[in-house]
Amino acid sequence: MTTQVTLTKTPNAQVTQLDAMVIGAGVAGLYQLHKLREMGMNVRGYEAGTGVGGTWYWNRYPGARFDSQAEIYQYWFSEELYKSWQPSERFPAQPETERWLNHVADRLDLKKDIQFSTRISSAHYNEDAGRWTVTTDTGETIDTQFLIACCGMLSAPLKDRFPGQDSFHGEIHHTGLWPKEGVDFKGKRVAVIGTGATGIQVIQSIAPEVGSMKVFVRTPQYIVPMKNYKYSKENWAKWGERFHELKARVRQTFAGFDYDFEAPPWADLTRQQRTDILEQHWLEGSLSLWLATFPEIFYDEEVSEEVSKFVRDKMRARLHNDPKLCDLLIPTDYGFGTHRVPLENKYLEVYLQDNVEAVDCRTAPIEEIVPEGIRTADGKIHEVDVIVLAVGFDAGSGALSRIDIRGRDGRALKQQWQEEIRTAMGLQVYGYPNLFTTGAPLAPSAALCNMTTCLQQQVDWITGCIDHALRNGKQTVEATKAFEDAWVEHHDEVASKTLVVKTDSWYMGSNVDGKPRRLLSYIGGVGNYHKRCDEIAAEGYPGFAMS
Ligand code: NAP
């Protein structure tokens, strides 16, 4: 392995020669760069943003923060690194998380090996050479043996959602492309479209500032109040003492958090006992109500309905039983937890403000954006100064489909995924040798996994796999068709037993017109997924052909 970036002059262009290339400088990309550099590889990262952070670079909208507690939204490869950072609260907001990832990148001296402000345009596999030719929007060509796409699960914003967006006279921003200089909402007439995890954070954060706000509600969400509190130095030192325990724990639980389903079976409990458990987790103020009470929520219609009713009652009380608001803002046509459950802070109370209106866009859908604002199907024009598009992402497949990726025999990933989204455990795709992926479809992700847990585990596996191949004199790794088929079958079988597949959401790809329906996140449990990955590594990577 060489250790320097080699630039080869060709008659037409400069070609950067690499052993490995990492796309993305978020949680996964930074760690992947570090691991491959540790192996002595000539590796370089490429990032579209001007800085590190990935999700935490792009999503700088008001109120952005994660729903995992700070003590587990962490890297686990270095106890020293863990202890070197001091989170200010249980659920830190975006600016702090962006600072943390900069701290990590600086401590590991990663930035010198990352090319910023560079978006990858294409990646074509050259079968004869066994290498990838990658091009960028800055005109660079890279020739690399291994290509590791750490492009993020939720990084392709649905930014052109409505006709007429360009005609709007005011400001219009997608939350995933939020301007660094911020947006002034003071005294303005604001529209927020979307009430997913993002919309909820925006709405509750800007409510005290706006002149007036119209929230366009189509599908309401079950919510859980976030209990956020400050972390002192002493708090953090205590978590530090538990570093090894937490590190081991998050790898074994259902969703990569430190909590897990530990309540007795639903059927063995009295009504009162069940309510007590739900109350206790409601007060806990984390995602534990969803991911650490009753696994039956995921597959038993009756349990799902009981728990949904518990949450609905809580929401109804907070809305003061207002019939119109309850009808619009409390879900009734899907079960609690079959959609990503957001944590919130006084979100529902926003709708009780005199200057806030919930607009029902189930009965009167948004038709277009016009110069003055938003026109709905009832012919009404909602005049506003600022429009916030909290309308989500082309999740899982979107980030990779934006790149023109061609594998063996000229196959195109975008085209294949337009027909059916398939991967081999989210780590590789059959037909694309030496292309590895993190945060890709069919691996655990986004609240069905605490992202730092899963991304690190995937990076570790990918690094181990490449290392194994090279140590054994092999130059290419490709998931076999049989392995991929078996994984897709297993994934679908597990998913089909759950109620999640019955609910429309980005989890199922149903938020993007024409996207083939399949649960994008593996729901068989992080612990099980991790174990399977470890077994494959221990057995010498069966299912991954090396040549
Ligand atoms: P999302 O969950 O897909 O929500 C998008 C929202 O926009 C939905 O309410 C959707 O309504 C609405 N929408 C889309 N098109 C519309 C249209 N034409 N008319 C009216 N409404 C429309 O996206 P998100 O809120 O950005 O969240 C995505 C994921 O990011 C989350 O599920 C979570 O995993 C992650 N996230 C995490 C955090 C956190 O950790 N706290 C925060 C933010 C995001 P329909 O449902 O009816 O389509």
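From a predicted model like this one, the values you see are computed outputs, not experimental measurements. Note that ligands are numbered from 1 as they come in the structure, with each ligand's atoms numbered from 1 the same way.
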(request) Measure the distance from atom 35 (C) of ligand 1 to every protein heavy atom, then report the residue, atom name and distance (to 0.1 Å) of the closest one. (result) Leu154 CD1, 3.7 Å
(request) Please could you name the atoms of ligand 1 that Phe393 approaches to less than 4.0 Å, counting only its heavy atoms? (result) 26 (O)
(message) I'd like the name of whichever of Pro342, Cys361, Ala446, Gly196 reaches closest to atom 4 (O) of ligand 1 through any heavy atom.
(response) Gly196
(request) Take Phe254 and Phe298 through the ring-ring contact (aromatic ring centres under 6.0 Å, His included) test and state the conclusion after the steps. (result) CA-CA 12 Å; Phe254 171 72; Phe298 282 94; 5.6 Å; yes
(request) Could you tell me whether ligand 1 has any atom less than 4.0 Å away from a heavy atom of Tyr73? (result) no
(message) Just checking Asp166: does its CG atom have more than 12 heavy atoms from other residues, nucleotides or ligands closer to it than 6.0 angstrom?
(response) no
(message) Take a 6.0 Å sphere around NZ of Lys159 and say whether it holds more than 12 heavy atoms from other residues, nucleotides or ligands.
(response) no
(message) Can you report which non-hydrogen protein atom sits closest to atom 37 (C) of ligand 1, along with the distance?
(response) Arg340 NH2, 3.3 Å
(message) salt bridge (Lys or Arg N to Asp or Glu O under 4.0 Å) for Arg318 and Glu344? Distances and angles first, verdict last.
(response) CA-CA 13 Å; Arg318 283 176 55 189; Glu344 55 74 50; 2.8 Å; yes
(request) Between Ala390 and ligand 1, find which residue part has any heavy-atom pair under 4.0 Å and reply side chain, backbone, both or neither. (result) backbone
(request) Tell me, please, whether Tyr57 has Arg60 positioned over its six-membered ring: NZ or CZ under 6.0 Å from the ring centre and within 45 degrees of its axis? (result) yes
(message) Donor-acceptor check, side chain of Trp487 to backbone of Thr423, threshold 3.5 angstrom: yes or no?
(response) no
(request) Specify the protein heavy atom at minimum distance from atom 15 (N) of ligand 1: its residue, its atom name, and the distance to 0.1 Å. (result) Arg161 NE, 3.2 Å
(message) Looking only at protein heavy atoms, which one is nearest to atom 28 (C) of ligand 1, and what is the separation?
(response) Trp506 NE1, 3.7 Å
(request) Determine, step by step, whether Tyr334 and His339 satisfy the ring-ring contact (aromatic ring centres under 6.0 Å, His included) criterion, reporting the C-alpha distance in whole Å, the side-chain angles of both residues, the deciding distance to 0.1 Å, and the verdict. (result) CA-CA 8 Å; Tyr334 67 92; His339 210 299; 5.4 Å; yes
(message) Under the rule for side chain to side chain contact (heavy atoms under 4.5 Å, CB included), what residues qualify as partners of Ala358, not counting sequence neighbours?
(response) Val217, Leu325, Leu328, Tyr351
(request) Provide, to 0.1 Å, the distance between atom 47 (O) of ligand 1 and the closest protein heavy atom, together with that atom's residue and name. (result) Thr219 OG1, 2.4 Å
(request) Consider ligand 1: state whether an atom of it lies below 4.0 angstrom from any non-hydrogen atom of Phe216. (result) no
(request) Count the heavy atoms belonging to other residues, nucleotides or ligands that lie under 6.0 Å from NZ of Lys180, then report whether that count exceeds 12. (result) yes
(request) Heavy-atom distances under 4.0 Å are what count here, so tell me which part of Arg65 touches ligand 1: side chain, backbone, both or neither. (result) backbone
(message) So, using side chain to side chain contact (heavy atoms under 4.5 Å, CB included) as the criterion, who are the partners of Lys247 when residues are at least two apart?
(response) Trp76, Phe243, Arg251
(request) List the closest protein heavy-atom neighbour of atom 12 (C) of ligand 1: residue, atom name, distance to the nearest 0.1 Å. (result) Gly194 CA, 3.6 Å
(request) For atom 9 (O) of ligand 1, grab the closest protein heavy atom and report residue, atom and distance to one decimal in Å. (result) Thr195 N, 3.0 Å
(request) Check the pair Tyr31 / Phe77 against ring-ring contact (aromatic ring centres under 6.0 Å, His included), numbers first and verdict last. (result) CA-CA 9 Å; Tyr31 183 44; Phe77 63 91; 4.8 Å; yes
(message) Please classify the Thr198 to ligand 1 contact at 4.0 Å (heavy-atom distances, strictly less than): side chain, backbone, both or neither.
(response) both
(request) Give a yes/no verdict on whether any heavy atom in Phe91 is under 4.0 Å from an atom of ligand 1. (result) no
(request) Identify which of Arg218, His174, Met153 has a heavy atom lying nearest to atom 11 (O) of ligand 1. (result) Arg218
(message) Quick test: of every protein heavy atom, which one is nearest to atom 36 (N) of ligand 1, and how far off is it to 0.1 Å?
(response) Ala197 CB, 4.0 Å
